[in-house]
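Encoded as structure tokens, the structure appears first; notes follow it.
Keep in mind the model is a prediction, meaning the values are calculated, not measured.
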2 protein chains.
Amino acid sequence: MARPRQFDETLVIESLMNVFWEKGYEATSMQDLVAASGLLKGSLYGAFGDKHAMYLSALKHYDRTRIQAGIDVLNGEGSARQKIARLFDNVIEATKRGLFAGGCLLCNASLEMAARDPEVKAEVKTTIRRLKVAIMEALSPRIANEDQAAALAAFIVSAYFGSRVLAKGGAPAAMIGDTRDHCLQLVP
Amino acid sequence: MARPRQFDETLVIESLMNVFWEKGYEATSMQDLVAASGLLKGSLYGAFGDKHAMYLSALKHYDRTRIQAGIDVLNGEGSARQKIARLFDNVIEATKRGLFAGGCLLCNASLEMAARDPEVKAEVKTTIRRLKVAIMEALSPRIANEDQAAALAAFIVSAYFGSRVLAKGGAPAAMIGDTRDHCLQLVP
DNA sequence: CTAGTTTATGACCATTTGGTCAATAATTCA
DNA sequence: TGAATTATTGACCAAATGGTCATAAACTAG
């Protein structure tokens, strides 16, 4: 009934996400978002709301794509140990290459935003839960006791997130490797 | 030979640190720092340099005080297991009370700043190493093999940092408890 | 073709940002 | 006391910030 959007929304969200991912919320300016998306300010505001709404959209997009990719691995083929190893190997790979500086947007959002932003906190909380459940289910064929599986899953999530902090902080890749190896030892 | 400082430098750094700790670097404005310190802008710049230098000073102060307090625990009395339990209990305590929103300044700095700020990265890297070594030494009476102790120490640091991400992200305290318990099981 | 509706555009805005500086005040050494 | 040195003060600044809006353009239903 009217003029249609002249851009692919998903493509634009992806570009917004990449900026927030690399720079964080506060360090990202509207100019950065304009430059990255190729749209003009007015269009961005019209389509997504204000900067904060753009961040939330980016976070949800990260959940739907990057986190989901991890969950797909956990739901896919292979032993529990192999699947969990793959999660850590991605971090180690990224650390060794040292190219993209973003790390994990979920972790970044948790530390930068969650404490002062209830909406971000809710989103982060939900995504953490999703990740934990997926790990639990990957473990369930090997661990009959559900509480035990939940506890181990919580633990693996912690170690995984911790490895993202180490990676960004310039810790040697060996520390992340050690973390990975210890985690795998615990997976039956 | 001239007019002396009319303020306690350490006290001022402490107040600057608290602001950065709670809000992060980018979300902290010079106005915030002025308000928190009670000094005027000119005095702050005169004494500490620019905002970035203030952040670095705050980070170093965090190392000298808060991180050192943790290391003191690790160097102090008690079994290795007891000492490491105490690290996690602090996080759990803070999570349950939900009062101070800062979490761990070292983790915050790593995720917000390290990727784009070599000085912060160097500081974070050094502090991570200090923490890891202290954990290693706490373990050493029980683990003869040095490589093994180093690997376990790296692992515990990861799990600890991860629990800080979980805590800020609104994950249930039980997840942090599970993380703690699994860590302790690995400590001989 | 036209009326109606939505999108795109970029000029525009108040506010806030980090940072400077000349003037003044306080101190010490001689 | 006076010369030298440093600290404090607050006014000041250019630039950047997030955000708005009137206008023009593009599309669809009738």
Side chains of B:Ser29 and B:Asp32 only: does a donor on one sit below 3.5 Å from an acceptor on the other?
yes
Of all the heavy-atom pairs spanning A:Ser110 and B:Gly169, show the shortest one and how long it is.
OG-N, 3.1 Å
Non-hydrogen side-chain atoms of B:Met113 and A:Lys168 separated by less than 4.5 Å
no
Return a single string for nucleotides 11-25 of chain C, one symbol per nucleotide in 5' to 3' order, where B is base contact, S is sugar-phosphate-only contact and - is none, cutoff 4.0 angstrom on heavy atoms.
------SBBB----B
First and last nucleotide of DNA chain D touching chain A, 5' to 3', heavy-atom cut-off 4.0 Å?
D:dT17 to D:dT28
Please report the end-to-end axis angle for the helix from C:dC1-D:dG30 to C:dA30-D:dT1, five pairs per end, rounded to 10 degrees.
10°
Just verifying a value: how many Å separate A:Phe88 CZ and A:Cys183 SG, rounded to the nearest 0.5 Å?
4.0 Å
Cut-off 3.5 Å, side chains only: do A:Gln68 and A:Asp72 have a donor facing an acceptor?
yes
Could you walk me through whether B:Tyr45 and B:Met30 pass side chain to side chain contact (heavy atoms under 4.5 Å, CB included), step by step?
CA-CA 10 Å; B:Tyr45 276 91; B:Met30 284 307 304; 3.5 Å; yes
Residue pairs passing the salt bridge (charged side-chain N to carboxylate O under 4.0 Å, His left out) test with at least one member in residues 125-142 of chain A, sequence neighbours excluded, are A:Asp63-A:Arg130
Identify the two heavy atoms, one from A:Leu105 and one from A:Ala58, that lie closest to each other, and give their separation to 0.1 Å.
CD2-O, 4.3 Å
Mind checking whether A:Leu16 and A:Tyr55 have side chains closer than 4.5 Å, heavy atoms only?
no
For DNA chain D, find the residues of residues 5-16 of chain B with a heavy-atom distance under 4.0 Å and give them by number; none if there aren't any.
B:Arg5, B:Gln6, B:Phe7
Are B:Ile143 and B:Leu186 linked, directly or through intermediate hydrophobic residues, by side-chain heavy-atom contacts shorter than 4.5 Å (ILVMFWY only)?
yes
What one should report as the nearest heavy-atom pair of A:Lys83 and A:Gly78 is CE-O, 3.2 Å
Of all residues at least two apart in sequence or in a different chain, which pass the side-chain hydrogen bond (donor to acceptor under 3.5 Å, both in side chains) check with B:His182?
none
